[in-house]
A.B. asks: 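Let me begin by handing over the structure; questions about it come next.
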Amino acid sequence: RRLQRGPLGLPPLPLKGRHQRPGKAGPAVAHACRICFRVGNNSSPLMSEVLEQNLETDRHFVTALARGIQILRCFTQDQEELRVSEIARPTRLPQPTVWRLCHTLVKHNYLQSTRSGERLRLGVGALALGYSALTHVVTYGAFKPAMQAIAEKYAVAVSLAAPDGLRMIYVQRVRGTSAFGVELHVGSRVPILNTAMGWAYLATLPAAEQDDKLGQLVAEYPDLWRRLEPAFRQALRDFPAKGYVLNLGAFQSEINAVSVPIVSRDGGTRLALSCSGLVSMLSQDTLEKEIAPQLRDIADAIQAFIQSRGD
């Protein structure tokens, strides 16, 4: 059915519903925070699997909130502006539902419409959240000089990343002046399976959690898993004795990498520190005898910092 055109391509709809008084929603707020954590940690914008899984197991799961979070996650550096139809497609939601959710997000400044009114982009509300998270991440900048020293000495890239659903998100990254590789930066996200730091993160997970995460990764990246499984399994077998994960050309034949995990005492904070570069610059001997110990020293310092801060 053709709908009369309005803002965002659909007719305006009134917001209805009662507003809850501040101070009366303690349990509701707690449940909402749980949803934000769970859905925020799912890197795929597809809603059907997320909703089905959580509706069956968690009676506190708020579907509307989860849908709103997934809509926000549709916007990336490669997709800064989207139409309602372009949001509906990956989330598998009806366009009128997407419009209502977007309308609410616009009202709260998490989204804003473009001048033509046909597309949406992230708004200042999302920027405020990002800045709040960034001020927390910036504290890791104290370790940047030590990372930069390694990067310059060996002409490599040194990165610090945290898990974000099925991906790792960079919280610090430096490169030597002559380093070769893909240009990534703070905020870039890469698949867990396709990075040494992702492997290091997986190596630290409790067995049940590791199996669950691997199941999600295999389902999301079946072809990548078939190619990387032998090297990944070997890296996990070697990890207890070595304390680091080594990758020798498994991702790209010309790139070697090593990664050291960082885990707080309570397991609430998990990071990974990695070094990657050309095979000609990073032999296995160099990685294991020179770089891995230096990464371990930086990782220990970061872990001590996390403990002192109470994360």
A.B. asks: Considering residues at least two apart in sequence or located in another chain, which fulfil the side-chain contact (heavy atoms from CB on, under 4.5 Å) criterion with Lys242?
C.D. replies: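 For Lys242, the residues satisfying side-chain contact (heavy atoms from CB on, under 4.5 Å) (neighbours in sequence not counted) are Asp238, Tyr244, Leu246, Glu288.
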A.B. asks: Does the side chain to side chain contact (heavy atoms under 4.5 Å, CB included) test come out yes or no for Leu72 and Leu105, once each step is laid out?
C.D. replies: CA-CA 9 Å; Leu72 291 175; Leu105 291 167; 4.1 Å; yes
A.B. asks: Mind checking whether Ser276 and Phe251 have side chains closer than 4.5 Å, heavy atoms only?
C.D. replies: no
A.B. asks: Under 4.5 Å between any side-chain heavy atoms of Leu82 and Cys74, yes or no?
C.D. replies: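 Heavy-atom side-chain distance check passes, below 4.5 Å.
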A.B. asks: Please step through ring pair (Phe, Tyr, Trp, His ring centres under 6.0 Å) for the pair Phe232 and Trp225, ending with a clear verdict.
C.D. replies: CA-CA 9 Å; Phe232 172 77; Trp225 172 250; 5.6 Å; yes
A.B. asks: Using the rule that two of Ile, Leu, Val, Met, Phe, Trp, Tyr join whenever any of their side-chain heavy atoms come within less than 4.5 Å, decide whether Ile302 and Val263 are in one cluster.
C.D. replies: no
A.B. asks: May I ask you to test the Tyr170-Val190 pair for a side-chain heavy-atom distance under 4.5 Å?
C.D. replies: yes
A.B. asks: So which atom in Ala203 and which in Leu236 form the shortest heavy-atom distance, rounded to 0.1 Å?
C.D. replies: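 Answer, listing the atom of Ala203 first, then Leu236: CB-CD1, 4.3 Å.
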A.B. asks: One thing to verify: whether Arg121 and Glu80 come together as a salt bridge, which I'm taking to mean a side-chain N less than 4.0 angstrom from a carboxylate O.
C.D. replies: no
A.B. asks: Can you give me the closest heavy-atom contact between Pro222 and Ala219, atom names plus distance?
C.D. replies: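 Smallest heavy-atom distance, with atoms named: CD-O, 3.7 Å.
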A.B. asks: Any donor and acceptor pair, going by atom type alone, linking the side chain of Ser259 with main-chain N or O of Ala272 inside 3.5 Å?
C.D. replies: no
A.B. asks: In the structure I gave you, are the side-chain heavy atoms of Ile150 and Val174 within less than 4.5 Å of one another anywhere?
C.D. replies: no
A.B. asks: Side chains of Val124 and Tyr110: does their closest heavy-atom pair fall under 4.5 Å?
C.D. replies: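 Sidechains of Tyr110 and Val124: no contact.
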A.B. asks: Counting N and O atoms only, with roles assigned by atom type, does the side chain of Gln172 sit under 3.5 Å from a partner on the main chain of Ala161, one being a donor and the other an acceptor?
C.D. replies: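 Between the backbone of Ala161 and the side chain of Gln172 there is no qualifying donor-acceptor contact (under 3.5 Å).
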A.B. asks: Less than 3.5 Å apart, any donor N or O on the side chain of Gln234 or Arg237 sitting next to an acceptor on the other?
C.D. replies: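 Result is yes, a qualifying pair exists.
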A.B. asks: Please report the interatomic distance CD(Gln252) to CG(Asn247), rounded to the nearest 0.5 Å.
C.D. replies: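 Answer rounded to 0.5 Å: 10.0 Å.
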A.B. asks: Could you tell me whether a side-chain N or O of Gln294 sits under 3.5 Å from a main-chain N or O of Glu290, the two making a donor and an acceptor?
C.D. replies: yes
A.B. asks: Rounded to the nearest 0.5 Å, what separates atom CG in Leu160 from atom CD1 in Ile262?
C.D. replies: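 Output value for this atom pair is 5.5 Å.
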A.B. asks: Is it the case that the side chains of Ser159 and Arg173 hold a donor-acceptor pair, with the cut-off being a distance below 3.5 Å and no angle test?
C.D. replies: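 Looking only at side-chain atoms, Ser159 and Arg173 do form a donor-acceptor pair, the distance falling under 3.5 Å.
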A.B. asks: Group every Ile, Leu, Val, Met, Phe, Trp and Tyr by side-chain heavy-atom contacts under 4.5 Å, then state whether Phe305 and Leu273 land in the same group.
C.D. replies: yes
A.B. asks: If I take atom CG from residue Leu287 and atom CG from residue Leu282, how far apart are they, to the nearest 0.5 angstrom?
C.D. replies: 5.0 Å
A.B. asks: For the pair Gln210 (side chain) and Leu202 (backbone), establish whether a donor and an acceptor sit closer than 3.5 Å, ignoring hydrogens and angles.
C.D. replies: yes
A.B. asks: Start with the C-alpha distance between Tyr221 and Ile192, add both sets of side-chain angles, then the distance that settles side chain to side chain contact (heavy atoms under 4.5 Å, CB included), and finish with yes or no.
C.D. replies: CA-CA 10 Å; Tyr221 307 104; Ile192 285 176; over 6 Å; no
A.B. asks: If we only count heavy atoms from C-beta on, is the Leu217 to Leu224 side-chain gap below 4.5 Å?
C.D. replies: no
A.B. asks: Any idea which heavy atoms bring Val245 and Ala196 closest together, and the distance?
C.D. replies: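 Heavy-atom minimum between the residues: CG1-O, 4.1 Å.
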A.B. asks: Looking at Gln148 and Arg175, would you say the former's side chain and the latter's main chain have a donor-acceptor pair under 3.5 Å?
C.D. replies: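 Yes, Gln148 side chain to Arg175 backbone: donor-acceptor pair under 3.5 Å.
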A.B. asks: Any non-hydrogen side-chain atom of Val158 less than 4.5 Å from a side-chain atom of Ile291?
C.D. replies: no
A.B. asks: Are any of the side-chain nitrogens in Glu209 or Lys213 under 4.0 Å away from the carboxylate oxygens of its partner?
C.D. replies: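 No, this pair does not count.
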A.B. asks: Does Ile87 offer a backbone N or O that forms a donor-acceptor pair with the side chain of Thr91 under 3.5 Å?
C.D. replies: yes
A.B. asks: Taking all atoms of both residues into account, what is the closest heavy-atom pair of Phe75 and Leu122, and its distance?
C.D. replies: CB-CG, 3.8 Å
A.B. asks: Once you round to the nearest 0.5 Å, how far does CD1 of Ile71 lie from CG of Leu101?
C.D. replies: 4.0 Å
A.B. asks: Kindly give the heavy-atom pair with the smallest separation between Met168 and Thr195, and that separation in Å.
C.D. replies: CG-OG1, 4.0 Å
A.B. asks: Quick check against the 3.5 Å criterion: does Arg270 have a side-chain atom that pairs as donor or acceptor with the backbone of Tyr201?
C.D. replies: no
A.B. asks: Is it the case that the side chain of Asp164 and the backbone of Arg167 share a donor-acceptor pair, with hydrogens and angles ignored and the cut-off at 3.5 Å?
C.D. replies: no
A.B. asks: Which atom names give the shortest non-hydrogen contact between Val260 and Ala200, and what distance separates them?
C.D. replies: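 It is C-CB, 4.3 Å.
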A.B. asks: Run Gln307 and Ser264 through side chain to side chain contact (heavy atoms under 4.5 Å, CB included) and show every step you take.
C.D. replies: CA-CA 7 Å; Gln307 294 303 132; Ser264 61; 3.4 Å; yes
A.B. asks: Asp300: what forms a side chain to side chain donor-acceptor pair (under 3.5 Å) with it, not counting sequence neighbours?
C.D. replies: Arg296
A.B. asks: Mind checking the CZ-CG spacing from Arg227 to Asn194? Nearest 0.5 Å is all I need.
C.D. replies: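 CG of Asn194 is found 6.5 Å from CZ of Arg227.
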A.B. asks: Given 3.5 Å as the limit, does a donor-acceptor pair link the side chain of Asn256 with the main chain of Gly249, or not?
C.D. replies: yes
A.B. asks: For Ser283 and Val279, indicate whether the former's side chain and the latter's backbone hold a donor-acceptor pair under 3.5 Å.
C.D. replies: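 Not a single qualifying donor-acceptor pair exists.
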A.B. asks: Got Cys275 and Tyr154 here, is their nearest side-chain heavy-atom distance under 4.5 Å?
C.D. replies: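 A side-chain contact under 4.5 Å is absent here.
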A.B. asks: Start with the C-alpha gap between Val106 and Gln112, add the side-chain angles, then the distance that decides, and say whether side chain to side chain contact (heavy atoms under 4.5 Å, CB included) holds.
C.D. replies: CA-CA 5 Å; Val106 168; Gln112 67 181 57; 5.8 Å; no
A.B. asks: Calculate, to the nearest 0.5 Å, the distance between atoms CG and CG belonging to Asp223 and Leu228 respectively.
C.D. replies: 11.0 Å
